[in-house]
J.: 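Structure incoming, see below.
This structure is a prediction, so every number in the text was calculated from the model and none was measured. Values below: all heavy atoms of this structure, side chains included; hydrogens, waters and symmetry mates excluded.
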Amino acid sequence: MKDLMPILSTLRRHKIAAGLIVLEVALSCAIVTNALHLIQTRLDALNTDSGLVESELAVLNLRASKPQPPERTAGIVAEDVARLRALPGVKAATVANQIVYGNNSNNSGVSLEPDNKGLRIVAAQYAADEQMIPTFGLKLVEGRNFRADEILDNFQVFSVSEPKIGQLIINKVMADRLFPGQSAVGKTVYVFGSSPSTVIGVVDTLTHTQLHRARGGDGGGGAMILPLRGGGSYVIRTDPGRLDAQIKAATTVLEEGGRGRVVTQGRPLASMRDAFYAQDRAMAWLMGGVSVALLLVTAMGIVGLASFWVQQRTRMIGTRRALGATEGQILRYFQLENLLLTTTGIVIGLGGAWALSQLLMQSYELPRLPWIYLPAGALVVWTLGQLAVWVPARRAARLSAVAALRA
């Protein structure tokens with residue numbers, strides 16, 4: 001504590017230099033703390049579980065030069081899927097109106113009372129046949145799957161003013177929200193107007209195609225499967241090592257199903273995931289680069305200022321050494337001085353970090369900054385400050401009394 005008053009007196013005589021270091025530390029603390037949070041949110045996104053056996057799935061999109069009448073679509077799709085399932089090595093195949101990491105986003109409101117009255121949530125709406133669950137590798141935790149005779153023609157269902165869907169399967173998130181503490185199987189829900197539907201099964205994990213909704217966005221994680229056969233993407237499941245070969249075989253089968261048919265896209269689902277998360281990975285790397293750059297600039301500023309002050313105080317160091325000060329005492333003097341500057345900057349920076357977090361929440365709908373990142377950011381900057389000042393402080397501590405006084 002005997003060094004504190006001389007340090008404060010010295011800092012008062014160098015207000016501009018000390019103020020610049022405090023401002024630099026505060027800025028680094030505010031930005032780095034939020035950057036660490038953003039990096040963690042991106043990493044959480046990259047690790048989101050879709051609930052599908054992604055390594056075994058391939059998605060194919062088919063286009064025909066001469067579109068078929070809507071009333072014939074279901075029959076044509078059924079024939080295509082039958083040929084895909086007959087391919088050697090194909091474990092299962094289906095057609096779904098949407099798939100995770102794809103460009104489609106079909107959603108419907110689901111309520112417990114007719115005409116959207118009472119509790120109502122928005123859920124991702126999947127439409128497929130009874131082979132969707134085994135193809136996607138979904139885990140049925142309650143109830144049963146659709147039977148083949150329960151699959152409806154998509155065109156016929158929606159050609160009337162009020163569609164009627166007798167059964168549906170929902171995911172566990174949706175079941176817990178609609179029927180907390182109860183079994184959802186056998187319960188009645190309303191998807192389209194006043195027509196009731198019965199829940200016949202619950203799958204463990206089935207996410208929205210845009211996975212940010214599964215983490216608490218508009219869909220709240222709810223998803224359902226309707227027993228409908230119609231247009232969409234063809235999905236096949238096979239062994240991971242045979243995906244490329246099976247995509248080629250499936251492409252041939254689909255294109256041979258009629259003149260003018262072309263598979264516009266055939267990709268493993270894993271590659272679709274990589275493309276879907278490309279922006280998240282880029283953002284994580286960008287935030288990491290910004291953080292490292294800021295910390296390096298801050299460290300260089302601390303080293304430069306400490307080196308300058310060592311030069312300015314050479315005679316003072318020599319006097320203290322002549323009066324019996326040890327190397328350790330000189331070293332601690334400069335470390336304490338740096339600690340005061342960085343602590344002041346960190347206090348200001350933590351307030352700025354919280355304000356920046358609020359701004360990001362309002363402008364970009366980012367999650368709130370968890371409090372744990374505040375001490376984590378402070379610890380990083382504290383450690384950086386002590387490491388940065390150590391070299392010039394060590395050099396000052398090694399000055400001999402004679403050499404310092406002579407200088």
J.: Could you tabulate the donor-acceptor pairs under 3.5 Å formed by side-chain atoms of residues 238-249, not counting sequence neighbours?
T.:
{"residue": "Thr238", "atom": "OG1", "partner": "Gly89", "partner atom": "O", "Å": "2.8"}
{"residue": "Asp239", "atom": "OD1", "partner": "Lys91", "partner atom": "NZ", "Å": "3.2"}
{"residue": "Gln246", "atom": "NE2", "partner": "Pro88", "partner atom": "O", "Å": "2.7"}

J.: Restricting to non-hydrogen atoms, name the atom on Leu269 and the atom on Val59 that form the minimum distance, rounded to 0.1 Å.
T.: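 Smallest heavy-atom distance, with atoms named: CD1-CG2, 4.1 Å.
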J.: Check the side chains of Asp129 and Thr94 for a donor-acceptor pair under 3.5 angstrom, ignoring hydrogens and angles.
T.: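 Yes, because at least one side-chain N or O of Thr94 sits under 3.5 Å from a partner of the opposite role on Asp129.
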J.: Any side-chain heavy-atom pair from Arg281 and Asp274 closer than 4.5 angstrom?
T.: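 Answer yes - side chains close enough.
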J.: Could you tell me whether the side chain of Glu255 and the main chain of Val263 form a donor-acceptor pair under 3.5 Å?
T.: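 Looks like yes, one N/O pair under 3.5 Å.
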J.: Quick one: which residue pairs count as a salt bridge (Lys or Arg N to Asp or Glu O under 4.0 Å) with a foot in residues 367-395, not counting sequence neighbours?
T.: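 Applying salt bridge (Lys or Arg N to Asp or Glu O under 4.0 Å) to every pair that reaches into residues 367-395, excluding sequence neighbours, yields Glu327-Arg394.
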J.: Is there a side-chain contact between Gln131 and Val81 in this structure, where contact means two heavy atoms from C-beta onward sitting under 4.5 Å apart?
T.: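 No, too far: nothing below the 4.5 Å cut-off.
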J.: Please check: side-chain N/O of Thr264 versus main-chain N/O of Asn61, any donor-acceptor pairing under 3.5 Å?
T.: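 At least one qualifying donor-acceptor pair exists.
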J.: Should Asn97 and Leu228 count as side-chain neighbours, where that means a heavy-atom distance under 4.5 Å?
T.: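 A side-chain contact under 4.5 Å is absent here.
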J.: Distance-only, no hydrogens or angles: does the Arg229 side chain make a donor-acceptor pair with backbone N or O of Val77 under 3.5 Å?
T.: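 Not at all, since once roles are kept as given, no pair shorter than 3.5 Å links the two residues.
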J.: Roughly how far, to the nearest 0.5 Å, is CZ of Arg42 from CE of Met287?
T.: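 Here the rounded value is 8.5 Å.
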J.: Give every residue pair that meets the ring pair (Phe, Tyr, Trp, His ring centres under 6.0 Å) criterion with at least one member in residues 149-204, sequence neighbours excluded.
T.: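 Found Phe158-Phe192.
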J.: Using 30° and 60° as the class limits, which term best fits the ring planes of Phe136 and Tyr126: parallel, tilted or perpendicular?
T.: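 Geometry flag for Tyr126 against Phe136: perpendicular rings.
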J.: So, taking the atom named CE in Met272 and the one named CG in Leu57, what distance separates them when rounded to the nearest 0.5 Å?
T.: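 Those atoms lie 10.0 Å apart.
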J.: Below 4.5 Å, heavy atoms only, C-beta onward: do Leu254 and Leu84 meet side chain to side chain?
T.: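 Answer yes - side chains close enough.
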J.: On a heavy-atom basis, which atom in Val303 and which in Ala388 lie closest, and how many Å separate them?
T.: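 It is CG2-O, 3.0 Å.
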J.: Report the distance from atom OG1 of Thr207 to atom OH of Tyr101, rounding to the nearest 0.5 Å.
T.: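 The distance works out to 6.5 Å.
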J.: Output all residues satisfying side chain to side chain contact (heavy atoms under 4.5 Å, CB included) with Asp176, sequence neighbours left out; order by chain, then residue number.
T.: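 Partners of Asp176 under the side chain to side chain contact (heavy atoms under 4.5 Å, CB included) test: Lys172.
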J.: For Arg72, check salt bridge (Lys or Arg N to Asp or Glu O under 4.0 Å) against everything at least two apart and list the hits.
T.: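 Checked Arg72 against salt bridge (Lys or Arg N to Asp or Glu O under 4.0 Å); zero matches.
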J.: Side-chain donor-acceptor contacts of residues 370-383 below 3.5 Å, not counting sequence neighbours, with atom names and distances?
T.:
{"residue": "Trp382", "atom": "NE1", "partner": "Thr343", "partner atom": "OG1", "Å": "3.0"}
{"residue": "Thr383", "atom": "OG1", "partner": "Leu379", "partner atom": "O", "Å": "2.8"}

J.: The criterion is side-chain hydrogen bond (donor to acceptor under 3.5 Å, both in side chains); which residues satisfy it with Ser183, sequence neighbours excluded?
T.: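 With sequence neighbours excluded, Ser183 shows a side-chain hydrogen bond (donor to acceptor under 3.5 Å, both in side chains) to Glu142, given in chain and number order.
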J.: Got a donor-acceptor contact below 3.5 angstrom from the Asn171 side chain to the Leu206 backbone?
T.: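 Side chain of Asn171 to backbone of Leu206: a pair is present.
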J.: Would you be so kind as to tabulate the donor-acceptor pairs closer than 3.5 Å made by side chains of residues 23-39, with sequence neighbours excluded?
T.:
{"residue": "Ser28", "atom": "OG", "partner": "Glu24", "partner atom": "O", "Å": "3.0"}
{"residue": "Ser28", "atom": "OG", "partner": "Thr298", "partner atom": "OG1", "Å": "2.4"}
{"residue": "Thr33", "atom": "OG1", "partner": "Cys29", "partner atom": "O", "Å": "2.6"}
{"residue": "Asn34", "atom": "ND2", "partner": "Ala30", "partner atom": "O", "Å": "3.0"}
{"residue": "Asn34", "atom": "ND2", "partner": "Ala353", "partner atom": "O", "Å": "3.0"}

J.: Using the side chain to side chain contact (heavy atoms under 4.5 Å, CB included) criterion, which residues pair with Leu168? Sequence neighbours excluded.
T.: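 Checked Leu168 against side chain to side chain contact (heavy atoms under 4.5 Å, CB included); matches are Ile170, Val189, Val191, Ser197, Val199, Met224, Leu226.
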J.: Between Ala250 and Ile236, which heavy-atom pair has the shortest distance, and what is it?
T.: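 What the structure gives for the nearest pair is CB-CD1, 4.1 Å.
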J.: Rounded to the nearest 0.5 Å, how far does CD1 of Ile121 lie from CG of Leu178?
T.: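 Result: 4.0 Å between the selected atoms.
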J.: Going by heavy atoms in the side chains, are Arg83 and Asp80 under 4.5 Å from each other?
T.: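 Arg83 reaches Asp80 side chain to side chain.
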J.: Once you round to the nearest 0.5 Å, how far does CG of Leu339 lie from CD1 of Ile346?
T.: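 One gets 8.0 Å once the value is rounded to the nearest 0.5 Å.
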J.: With distance as the sole test, does Arg237 use its side chain to make a donor-acceptor pair with the main-chain N or O of Pro134 at under 3.5 Å?
T.: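 Yes, Arg237 side chain to Pro134 backbone: donor-acceptor pair under 3.5 Å.
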J.: What distance do Thr344 atom OG1 and Ile21 atom CD1 have between them, rounded to the nearest 0.5 Å?
T.: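 These two atoms lie 12.0 Å from each other.
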J.: Does anything in residues 337-358 form a salt bridge (Lys or Arg N to Asp or Glu O under 4.0 Å)? List the pairs, not counting sequence neighbours.
T.: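 Every pair satisfying salt bridge (Lys or Arg N to Asp or Glu O under 4.0 Å) with a residue in residues 337-358: Arg313-Glu337.
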J.: Considering all heavy atoms of both residues, which atom of Glu150 and which atom of Pro227 are nearest to each other, and what is their separation?
T.: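 Minimum heavy-atom separation between Glu150 and Pro227: O-CB, 3.6 Å.
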J.: Side chains of Gln98 and Asn104: do they bring a donor and an acceptor to under 3.5 Å?
T.: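 Gln98 vs Asn104: no donor-acceptor pair found between side chains.
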J.: Which pairs, with at least one residue in residues 109-126 and sequence neighbours excluded, count as a salt bridge (Lys or Arg N to Asp or Glu O under 4.0 Å)?
T.: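 Pairs touching residues 109-126 that pass the test: none.
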J.: I'd like to check the side chain to side chain contact (heavy atoms under 4.5 Å, CB included) partners of Ile133; sequence neighbours left out, ordered by chain and number.
T.: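 Partners of Ile133 by the side chain to side chain contact (heavy atoms under 4.5 Å, CB included) criterion, ordered by chain and then number, come out as Leu138, Leu140, Asn145, Ile169, Val203, Ile225.
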J.: With no hydrogens and no angle check, is any side-chain donor or acceptor of Gln167 less than 3.5 Å from a backbone partner on Phe146?
T.: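 Side chain of Gln167 to backbone of Phe146: no pair is present.
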